[in-house]
There are 2 protein chains.
Amino acid sequence: MDKQIEIFKALSDATRLKIVWLLTNIDEKICVSEIVEVLEEHQYNVSRHLKILKNVKLVQEVKEGKWVFYYLTPIENEFRQLIQDAIKTIPESQMHNEIKKCKVLLGKREN
Amino acid sequence: MDKQIEIFKALSDATRLKIVWLLTNIDEKICVSEIVEVLEEHQYNVSRHLKILKNVKLVQEVKEGKWVFYYLTPIENEFRQLIQDAIKTIPESQMHNEIKKCKVLLGKREN
DNA sequence: ACGACATATGTGTTTTGGCGCATATGTTTT
DNA sequence: AAAACATATGCGCCAAAACACATATGTCGT
């Protein structure tokens, strides 16, 4: 059950849970600097938290030029699916500012 | 999302996850000394971990004489339900010794 | 009432985890 | 090539969490 413990541990930090929550709700790849802006956390902390999430395979990364985009690792087992479903139940109301900021950001991308 | 973080934190420790896993799989109340025997942990640590699980309302207790029996808090929301379902997917194979010991123990109770 | 049993908790120690700062690495732009 | 930008990471510090030991509290049996 070590794998599962690592997942729970990864999700037991506010910044990391917010990142996974965001990725779950926007259903898009997002780069580090965007997360930094949305969550108003230091870049070095966001990078660190992303590394932790990557290590437990909750997220994956893809480099595009100077950016690194992160996205949810596609579901590969039932445990992950249920955890993901659980995160999906966390209401948007608690993340009003973040989701709004994020949508503005994603909109700007097109230009 | 604080409540959810607290749940994840509570489940991100091996002893605590094992306790919840046991309660999920045996579907019975179980007392502290039985958990101590099954998990081979110190009594004072088991008591402490139970307190943490109780604080986040994952488990509840009922006193019966000199024993205190613990059991899963009845599901009250979707998040809890999905987390519980996720824990249910953790295979018994990783807990062979524990579940065996537990069943022997529960058997002895009848006598 | 006393000893045995079951559980909880106070205290000190050690381990773990997150943070801030500085800096390294790599990429794009001019 | 140099400057600007994007991301990652080494290091030291502090706080939270887990542990061990001792002990307190409460209950049962005799």
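Chain identifiers are assigned alphabetically (A, B, ...) following the order of the sequence lines, protein sequences preceding nucleic acid strands; residue numbering begins at 1 within each chain.
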Could you pull out all residues at least two apart from B:Phe69 that satisfy ring pair (Phe, Tyr, Trp, His ring centres under 6.0 Å)?
-> none
Separation between CD1 of A:Ile30 and CD1 of A:Ile19, rounded to the nearest 0.5 Å = 9.0 Å
Non-hydrogen side-chain atoms of B:Gln4 and A:Ile87 separated by less than 4.5 Å = no
B:Phe8 has an atom CZ; how far is it from atom P of D:dA17, in whole Å?
-> 17 Å
Exam field: side chain A:Ser12 to backbone B:Ile5, donor-acceptor pair closer than 3.5 Å = no
Rounded to whole angstrom units, what separation is found between the CD1 atom of B:Ile35 and the P atom of C:dA8?
-> 10 Å
Note: B:Glu61-B:Lys54 ion pair, threshold 4.0 Å (strictly below) | yes
Rounded interatomic separation in angstrom, taking CD1 from A:Ile5 and C1' from D:dA17 = 15 Å
Detail all sub-3.5 Å separations between protein N/O atoms and N/O atoms belonging to nucleotides 3-6 of chain D.
residue: D:dA6; atom: O3'; partner: A:Lys66; partner atom: O; Å: 3.4

Distance-only donor-acceptor check, side chains B:Gln81 and B:Asp85, under 3.5 Å = yes
Is it the case that A:Gln60 and A:Tyr71 place a side-chain donor and acceptor less than 3.5 Å from each other?
-> yes
What is the distance, rounded to the nearest whole Å, between atom NZ of B:Lys51 and atom C1' of D:dA17?
-> 14 Å
Is there a donor-acceptor contact under 3.5 Å linking the side chains of A:Gln84 and A:Thr24?
-> yes
Specify the separation, in whole Å, of atom CG of B:Leu53 and atom C1' of D:dA17.
-> 14 Å
Atom pairs under 3.5 Å, N or O on each side, protein against nucleotides 17-20 of chain C: can you list them with distances?
residue: C:dG18; atom: OP1; partner: A:Arg16; partner atom: NH1; Å: 3.0
residue: C:dG18; atom: OP1; partner: A:Arg16; partner atom: NH2; Å: 2.6
residue: C:dC19; atom: OP2; partner: A:His49; partner atom: NE2; Å: 2.8
residue: C:dG20; atom: OP2; partner: A:Asn45; partner atom: ND2; Å: 2.8
residue: C:dG20; atom: O6; partner: A:Arg48; partner atom: NH2; Å: 2.5

Euclidean distance, atom CD of residue A:Gln43 to atom P of C:dT25 [Å, nearest integer] = 15 Å
Name the nucleic acid region contacted by A:Phe69, choosing base, sugar-phosphate or nothing; use a 4.0 angstrom heavy-atom cut-off, strictly under.
-> nothing
Separation of A:Leu39 atom CG from D:dT7 atom C1', in whole Å?
-> 16 Å
Please report the closest heavy-atom contact between A:Val56 and A:Ile7, naming both atoms and the distance.
-> O-CD1, 3.7 Å
